[in-house]
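To find a chain, count down the sequence lines: A is the first, B the second, and so on, and within it residues start at 1.
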Number of protein chains: 2
Amino acid sequence: MTTAAGTEEKIKAAAREIFLKKGFAATRTRDIAEHADINIALLNYYFRSKEKLFQQIMMETLSTFFGSLLQIFMDRESALQTKFEQCASQYIDLIKQQPDIPMFILSELRAQPEAFVQSIAGNARLKDLVIYEQIVAEMDEHQQKAFDPVHIMINVMSLTLFPFVARPMLQTIGAVNPSEFDDLMEKRKQLIPQWIMEMLK
Amino acid sequence: MTTAAGTEEKIKAAAREIFLKKGFAATRTRDIAEHADINIALLNYYFRSKEKLFQQIMMETLSTFFGSLLQIFMDRESALQTKFEQCASQYIDLIKQQPDIPMFILSELRAQPEAFVQSIAGNARLKDLVIYEQIVAEMDEHQQKAFDPVHIMINVMSLTLFPFVARPMLQTIGAVNPSEFDDLMEKRKQLIPQWIMEMLK
DNA sequence: ACCTAATTTAATCATTTGTTTAAATTAGAT
DNA sequence: ATCTAATTTAAACAAATGATTAAATTAGGT
């Protein structure tokens, strides 16, 4: 009856939850096994080692995180402001569902800078992105390269992601109420594109 | 000759370096002892436990990080834009010297949300800060509360801190060159206050 | 020089943790 | 029903890790 019935996926689901919440070092294989309600040995049976399992989770998470982004950034049809709107909107929705993703990627990427380079970078260079060209064009129109266009890319990510990363800190210092956080982020879907467009003028 | 000659401080210095770089869970007491060039037992002799030592490092780091900020935020004399300029400038300088501080605080605060609440929060509520009043006043002048003033506080921190937190990621995706990162951040001392002031209009 | 308390060291302990082993159980084919 | 390979389990292992102990050494006062 109950054999191999999605055991592998059960382990991955548990691993994903715990790795994303606590990071690689603070995660115990026994925690994962308990959460998945399986014998500890099964983890190694299916995934060889804690590290292999972690890498698989990381790969999939990176793919989820950067996948949709690249599509938006490469779209030749959409206008620049539309891209900012899609970017903010999609990311805020995604991270609302899985709030641990950004911090997980950022902290684990710091711990192992080399391991996942090609998983992310793939082939696309920043300056080959359509959005980058559009930013340069927009800046040239209003001002003559007052600053590096990379600042804009950094700012989009900063304004979108940082609130989630800093949520525990913001709540601790009493900057935001737990209940109103979601409302704030919902509002930012609209605000961030406006702010960014202003920066280009 | 060499006895107690700053042994305690030697341990703390090593602990600070490693805790800040790798976090609590990934840090081994033996690493600290080796780095400090002392016997492992001395760590427990002076600090009782790994956790106690960690808490002490965390307290001091929080103090360093939030200390200067509160002064700027409470200054009744300085103008709003000046505050933004001081804030960006001071933080970028501080974090250039100790780049691991923001990520350390953010990740460890997520791991132990309760432990350091009062260490940070102290007494000051966000809405009692002088800077908050000034933001509200400035917003009232130009627009009638188009959005929550908290967004502005969040944005200052986002634009200032996120690039440091995301540096490994930004470098991995090839968004920034390691050598040009410092220049970018130096330029942001000037840019961030400008961007923020624009948001208020 | 001697004594006492503080500091340092080497060795060891008890637990935790990732992994493996070998046996038991189950699923699916013949 | 029987056989085989895949899956699952209980038990144990080896290494790592935080902590402790008891002896050795050192510093500073008398």
Quick one: is dT7(C) close enough that its OP1 or OP2 comes under 4.0 Å of any side-chain N or O from Thr7(B)?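 It does not, given that no N or O in the side chain of Thr7(B) lies less than 4.0 Å from OP1 or OP2 of dT7(C).
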For a quick test of reading the model: is some side-chain N or O of Tyr45(A) closer than 4.0 Å to OP1 or OP2 of dT19(C)?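 Tyr45(A) to dT19(C) OP1/OP2: no side-chain N or O under 4.0 Å.
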Counting side-chain heavy atoms from CB outward, which of [options] is closest to [X]?
X	options	result
Thr29(B)	dA10(D), dG18(D), dT8(C)	dG18(D)
Ile40(B)	dA19(D), dG18(C), dT9(D)	dA19(D)
Lys50(B)	dT7(C), dG18(D), dT20(C)	dG18(D)
Asn39(A)	dA10(C), dA10(D), dT19(C)	dA10(D)

Is [Y] paired with [X] through a side-chain N to carboxylate O contact shorter than 4.0 Å?
X	Y	result
Lys83(B)	Glu77(B)	no
Lys96(A)	Glu186(A)	yes
Arg16(B)	Glu60(B)	yes

Length of the line joining [X]:[atom1] and [N]:[atom2], which is rounded to integer Å:
X	N	atom1	atom2	result
Ile38(A)	dT25(C)	CD1	C1'	16 Å
Phe24(B)	dT17(D)	CZ	C1'	12 Å
Leu43(A)	dT17(C)	CG	C1'	12 Å
Leu42(B)	dT20(D)	CG	C1'	13 Å
Asn44(B)	dA19(D)	CG	C1'	5 Å
Asp31(B)	dT17(D)	CG	C1'	11 Å
Ile11(A)	dT7(D)	CD1	P	11 Å
Asp37(A)	dT9(D)	CG	C1'	13 Å

If you draw a 6.0 Å radius around CD in Gln71(A), do more than 12 non-hydrogen atoms from other residues or ligands fall strictly inside?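 Result for CD/Gln71(A): open.
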Is it the case that over 12 heavy atoms from other parts of the model lie below 6.0 angstrom from the NZ atom of Lys189(B)?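 Atom NZ in Lys189(B) is crowded, with more than 12 foreign heavy atoms closer than 6.0 Å.
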When only distance counts, do a donor and an acceptor, one from the side chain of Arg30(B) and one from the base of dG18(D), lie under 3.5 Å apart?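 Check passes, donor-acceptor contact within cut-off.
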